[in-house]
Structure formats: structure tokens, C-alpha cells
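Down below is the structure, laid out as C-alpha cells.
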There are 2 protein chains.
Amino acid sequence: MKAKRSARLVDMTRYLMGNPNKVVPLTFFANRYDSAKSSISEDLTILRKTFMYTGAGLLETIPGAAGGSMFIPGIEKNEARQFIDEMRSSLEDNSRVLPGGYVYMNDLLNRPSILRQIGRIIATLYRDKKIDAVLTVATKGIPVAQSVATLLNVPFVIARHDSRITDGSTISVNYISGSQKRIEKMVLSKRSLPANSNVLIVDDFLRGGGSAAGLRSLIKEFDCEVAGIAFVAERVYNGPKKINKDEYTSLFKVDTNDKGIKVELGNFNFKKFYDFTEGEK
Amino acid sequence: MKAKRSARLVDMTRYLMGNPNKVVPLTFFANRYDSAKSSISEDLTILRKTFMYTGAGLLETIPGAAGGSMFIPGIEKNEARQFIDEMRSSLEDNSRVLPGGYVYMNDLLNRPSILRQIGRIIATLYRDKKIDAVLTVATKGIPVAQSVATLLNVPFVIARHDSRITDGSTISVNYISGSQKRIEKMVLSKRSLPANSNVLIVDDFLRGGGSAAGLRSLIKEFDCEVAGIAFVAERVYNGPKKINKDEYTSLFKVDTNDKGIKVELGNFNFKKFYDFTEGEK
């Protein structure tokens with residue numbers, strides 16, 4: 001199509017948002033809109049500034065023959081802070097406390113608008129890592145993992161406690177559940193993770209860290225590397241955890257007792273969020 | 001921010017894409033950009049035409065005091081056809097056939113770019129239905145359900161075969177697995193689905209239809225209505241199915257035997273996709 005600037009701006013925004021973390025050559029847009037590369041360059045400058053100003057993320061320019069533009073979704077400091085505050089209030093509700101100190105979060109982690117913000121936050125916290133795949137374990141972690149993987153535009157891989165016929169051949173590991181001291185098993189389809197991938201572990205809730213440690217050994221079995229471990233929430237827990245404090249990121253710390261629930265900010269680093277007022281490019 | 005047209009077009013596109021199926025009042029944009037409503041109206045006309053021309057979906061204008069603009073993501077006929085053809089070729093690969101005639105699809109249904117297109121297709125096929133929630137059963141259906149729910153901007157609800165502590169109180173139903181004639185159980189957290197919701201059932205694969213029939217009775221137990229049933233693929237199967245042909249939509253029909261796999265188009269109706277050349281608004 002021969003397109004005017006206004007139509008190009010709309011369609012380029014849509015295209016880049018739908019294809020994050022992917023280098024789109026200048027010629028792709030030039031052909032798509034039957035426009036000069038110089039015009040496309042000017043369009044991209046407008047997009048870059050607007051994405052930055054509104055905290056949508058970065059539009060990187062990749063130079064060279066294989067170069068082009070790449071949209072890296074992120075979240076700006078103030079938007080992140082506001083979302084985390086709202087989420088903290090929603091979580092701090094005594095009716096969420098279940099027997100055994102467990103916390104009901106399904107009603108939040110099944111809403112696309114919430115998952116999208118959590119995805120943007122986790123993607124931003126790990127923006128300096130190379131990530132080839134996101135790994136989680138069925139079932140509760142899947143929506144969060146999918147949301148992060150969608151923004152990073154990488155496959156997400158689901159380990160299970162029981163293998164199914166439709167997994168094909170699997171590799172399994174045994175691990176000790178951190179909170180209940182039981183030996184458990186975790187399996188992952190052999191075809192699901194190529195060797196040498198950098199894998200981000202994502203889960204909804206950290207209790208004793210057993211599942212995360214299991215996923216970590218699964219990653220080793222596949223000759224892959226752990227790029228990071230991210231949780232939506234962790235339980236305040238004084239006993240030993242199967243993973244170390246500096247190995248993972250949590251957005252919230254949750255403490256439940258007879259009196260109810262108390263929710264504080266997790267161990268994530270606010271400085272990782274974009275702060276465009278401070279002149280970050 | 002006081003924003004120029006070019007920046008407004010970029011940010012409005014991003015905002016509407018991130019908040020689909022939600023009415024955004026004209027005043028929201030007018031305030032956001034410190035611009036006159038008449039300018040915002042002109043911007044929306046540009047967005048509407050571009051979304052239509054590129055097959056991104058519809059930008060509806062909702063009149064009245066509670067009115068505004070609503071982006072309804074969809075997919076245009078030719079893009080749908082091309083994606084379905086490519087997907088069909090990927091599926092028709094003998095190395096996908098597992099013992100018992102099962103089919104390995106994990107490598108496709110864990111890629112965000114594929115899930116997004118499947119989501120757009122299913123959302124478009126059900127665009128004339130009112131949908132308040134998407135329901136699936138763990139585990140394989142979750143990514144597809146989440147993708148559809150994200151585009152419809154409604155919660156997605158996950159039934160399970162075993163209840164977990166973190167589900168809180170649950171309602172369960174028994175059902176007969178269509179292909180294996182066993183009695184199985186399905187549970188859903190009581191808090192997860194409000195009464196009178198219109199629920200779209202989404203799953204990855206239809207064999208005997210037992211799971212879908214189980215989900216259907218679960219929906220009745222919650223005093224809700226079935227808005228439709230959508231599968232990525234169905235197995236060609238001559239025995240009786242627990243759900244009728246006119247109750248569900250499938251994108252692909254898969255036939256496996258000793259010689260390998262054969263994949264054909266499912267029972268969906270191509271006419272449901274947008275065809276902007278025929279002057280649909």
C-alpha cells in the first residue's frame with residue numbers, strides 16, 4: 001500500500017507492538033508502505049520519542065546490514081510503582097487467606113490487564129539478560145510465564161509433575177519440595193528446549209523454593225543456562241530456602257497468620273525500571 | 001502532555017491495542033493529550049481506516065454519554081488464510097505422531113507469535129457472541145485460552161482434574177472421557193466464575209469431546225451460559241462424540257495412522273473473517 005505518514009505511524013506502532021524484540025529492517029517498512037527509507041527513518045524517530053515519553057519501552061536502532069528497528073517493551077518507573085501499589089492493596093485482603101497460610105490469587109492472575117503489567121515489569125527487571133525461553137511448572141505459573149514470554153517474544157516451556165502422552169519423550173528430575181520435605185518429580189518434553197538456551201524461570205509463588213530448584217536442575221539436564229528466576233509473590237519464611245535471595249526476584253512479600261495477611265514489596269530493584277526524566281536514552 | 005498529532009496517533013494506537021474491547025471515552029484522550037475533542041475525533045478516523053485497511057480489526061464508535069471508541073481485534077481473510085495454510089504444513093509432519101495416534105503440538109503452541117494469530121482467529125470467529133470469560137482445562141489448553149482471553153480482554157478460568165489448596169472452595173463435576181470411557185472429575189474454584197457469565201470454552205485438541213462436555217456441565221453448575229466451544233485441532237474420529245458438530249469450531253482436522261499424519265482444515269467458517277474489500281464497515 002502507498003501510505004501517508006499518519007497511516008504509517010498507526011500501522012508501524014501496531015506492527016512493532018505485535019512483534020516485540022524482533023529486528024525489523026527499514027526496507028520492510030519501506031516496501032510495506034511504498035515509501036522512501038528517509039521517510040521511514042523520520043517515522044521511526046517519532047515512534048521512538050513517543051514510546052520513550054509515554055514509558056512504553058525502547059525502540060532500538062540496530063545498525064549494519066542485518067539492522068533495523070527493534071521494539072523492547074518495558075515499563076516506566078511511575079507506572080510500575082502505581083501498578084505495584086494497587087496490586088499490593090488488592091492482595092492485602094484477609095479473605096484471600098486459605099487454610100495452611102496459602103493465598104488465593106487466581107482472580108488477579110487470570111485477568112489479561114494485570115498479567116500484561118506483570119509481564120512488562122518482569123521483562124523490564126531482566127532487560128539486561130539474554131533470554132531465549134521462559135520456563136515454568138504447571139499450573140499456576142503458566143499465565144505469568146506466557147505473559148512474560150509474549151513480551152520477550154520467546155517460546156515458553158511448561159514442565160509438569162506428571163508426563164502426558166502428548167509430551168512425547170521426556171526428561172525428568174527429582175527434587176525435594178522446600179516446604180514439605182517430600183520427594184517430587186518434574187518432567188519436561190525432550191523436544192521443548194534446545195541445548196545452550198538461556199532460560200528465565202517464572203512462577204507465581206515462592207514458598208520453600210523446591211519447585212524453582214527442580215526447574216533449575218531440569219535446565220542443567222537440558223544443557224541450558226538459568227538467566228534468572230522471577231516470582232510474583234514470595235512467602236515470608238524464616239526457614240532455609242532451596243534457592244538463595246540473590247538468585248531470584250519477587251514483586252511482593254506475603255505474610256499470613258491467624259490475624260490475616262500482610263503484603264509488602266518484594267526484593268526487586270526499582271532502579272531497573274525506565275526513568276525517562278533522568279535522560280535514559 | 002500536550003501532544004502533536006503524530007505522537008497522538010502512535011500513543012492512541014498503543015493504548016487501544018493494549019486495552020481491546022474496552023470503551024475509551026473521547027475525553028480520556030482529549031485530557032491525555034491536552035487536545036480538542038474535534039482533533040481526537042479526526043485522529044480516531046485515521047486509526048479506524050488504518051486498522052480496517054491493514055486488517056487489524058475494527059475501531060467501533062459507541063455513541064452516547066457512556067460512549068467512546070472501542071478496538072475490537074480481529075483478522076482479515078487473507079492473513080487468516082495464509083497463517084492457517086502455514087500452520088497446516090507445520091502440523092502435517094510425520095515426526096509429530098506419538099504412540100496411540102496422539103500429536104505433538106507443544107512446539108507450536110508455546111510460541112507467542114503463533115498463539116497471537118490463533119487468538120485473533122478464534123476471537124474473530126466468535127465476534128458476534130457476548131463473551132464474559134474464557135474457560136479451559138489444565139494444562140495444554142491454557143496458552144490458547146489465555147491468548148483468546150487477552151484479545152477479548154476478559155478473565156480466563158482454568159478447571160483442573162485435581163483441586164489444589166490454592167483454589168479455595170471448589171465445585172466439581174464427573175464426566176465420561178469420550179475416547180477412553182473412563183469416569184473423570186473436573187474441579188473449578190468457586191470464586192472464579194460469577195453467575196450468569198457467558199463463557200467461551202477453548203481447548204487445544206478435541207478427541208472424544210469428554211473434556212468439553214465436562215466443561216459444559218461445569219458452566220451449568222455455575223449458572224452460566226456456554227457462548228461457544230473452540231479447538232485448535234480435532235481428531236478425525238468416526239465414533240460418537242460427546243459434543244455435536246454444530247456446537248464447536250475447529251481450525252484443523254487431524255488424521256493419524258500407521259503411515260503418518262494428514263491435516264485438513266477444520267469446520268470453521270471462512271466467511272466470519274473480515275473482508276474489507278467487500279466494503280464491511
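None of the values given here were measured: they were computed from a predicted structure. Every chain is numbered from 1 and lettered A, B, ... according to where its sequence line falls, protein lines coming before strand lines.
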Next on the checklist: Return the CZ to OG1 distance between A:R160 and B:T139, rounded to the nearest 0.5 Å.
Outcome noted: 3.5 Å

Checklist entry - What are the residues of residues 38-47 of chain A, in order of number, with any heavy atom under 4.5 angstrom from a heavy atom of chain B? => result A:I46, A:L47

Item to check | Pick from A:S113, A:P155, A:S192 with the largest number of heavy-atom pairs that fall under 4.5 Å of chain B | outcome: A:P155

Item to check | A:T50 OG1 to B:M12 CE distance, which is reported to the nearest 0.5 Å | outcome: 13.0 Å

Checklist outcome for this item: Ranked by heavy-atom pairs below 4.5 Å to chain A, first place among B:P143, B:P99, B:A138 goes to B:P143

Item to check | Heavy-atom side-chain proximity of B:Q146 to A:L115 below 4.5 angstrom | outcome: yes

Item to check | Segment of B:N106 engaging chain A (4.5 angstrom heavy-atom cut-off) | outcome: side chain

Checklist entry - Using non-hydrogen atoms only, which part of B:R116 is less than 4.5 Å away from chain A: side chain, backbone, both, or neither? => result side chain

Item to check | Which portion of B:S147 sits near chain A, non-hydrogen atoms under 4.5 angstrom | outcome: both

Item to check | Which atoms of B:L152 approach chain A - backbone, side chain, both or neither, heavy atom under 4.5 Å | outcome: neither

Item to check | Region of B:S189 that comes under 4.5 Å of a non-hydrogen atom in chain A | outcome: side chain

Next on the checklist: If you define the side chain from C-beta out and look only at heavy atoms, does anything of B:Y104 sit under 4.5 Å from A:S169?
Outcome noted: no

Item to check | Structural part of B:I142 lying under 4.5 Å from a heavy atom of chain A | outcome: both

Checklist entry - Highest number of heavy-atom pairs under 4.5 Å with chain A: which of B:T13, B:N110, B:V157? => result B:N110

Next on the checklist: Which heavy atom of B:A149 sits nearest to which heavy atom of A:P112, and what is that distance?
Outcome noted: O-CG, 3.5 Å

Item to check | Top of A:L151, A:V10, A:I158 for chain B proximity - count of heavy-atom pairs under 4.5 angstrom | outcome: A:V10

Checklist entry - Could you state the interatomic distance from CZ (B:R191) to CG (A:D107), rounded to the nearest 0.5 Å? => result 7.5 Å

Item to check | Sequence-distant partners of A:Y15, ring pair (Phe, Tyr, Trp, His ring centres under 6.0 Å), two or more places apart | outcome: A:F28, A:F29

Checklist outcome for this item: For A:R14 and B:T54 the tightest heavy-atom approach is NH2-O, 3.7 Å

Checklist entry - To the nearest 0.5 Å, what is the distance between OG1 (B:T166) and CZ (A:R207)? => result 6.5 Å

Checklist entry - Of the backbone (N, CA, C, O) and the side chain (C-beta and beyond), which part of A:R5 lies under 4.5 Å from a heavy atom of chain B, both, or neither? => result neither

Checklist entry - Residues in side-chain contact (heavy atoms from CB on, under 4.5 Å) with A:P20, at least two apart? => result A:F71, A:P73, A:N153

Checklist outcome for this item: Bottom line for B:V134: the part with an atom under 4.5 Å from chain A's heavy atoms is neither

Item to check | Contacts of type side-chain contact (heavy atoms from CB on, under 4.5 Å), residue A:D204, not counting sequence neighbours | outcome: A:M105, A:L109, A:K140

Checklist entry - Can you tell me how far the OH atom of A:Y102 sits from the CG atom of B:D167, to the nearest 0.5 Å? => result 12.0 Å

Item to check | Heavy-atom contact with chain A under 4.5 Å, split by part of B:R120 | outcome: side chain

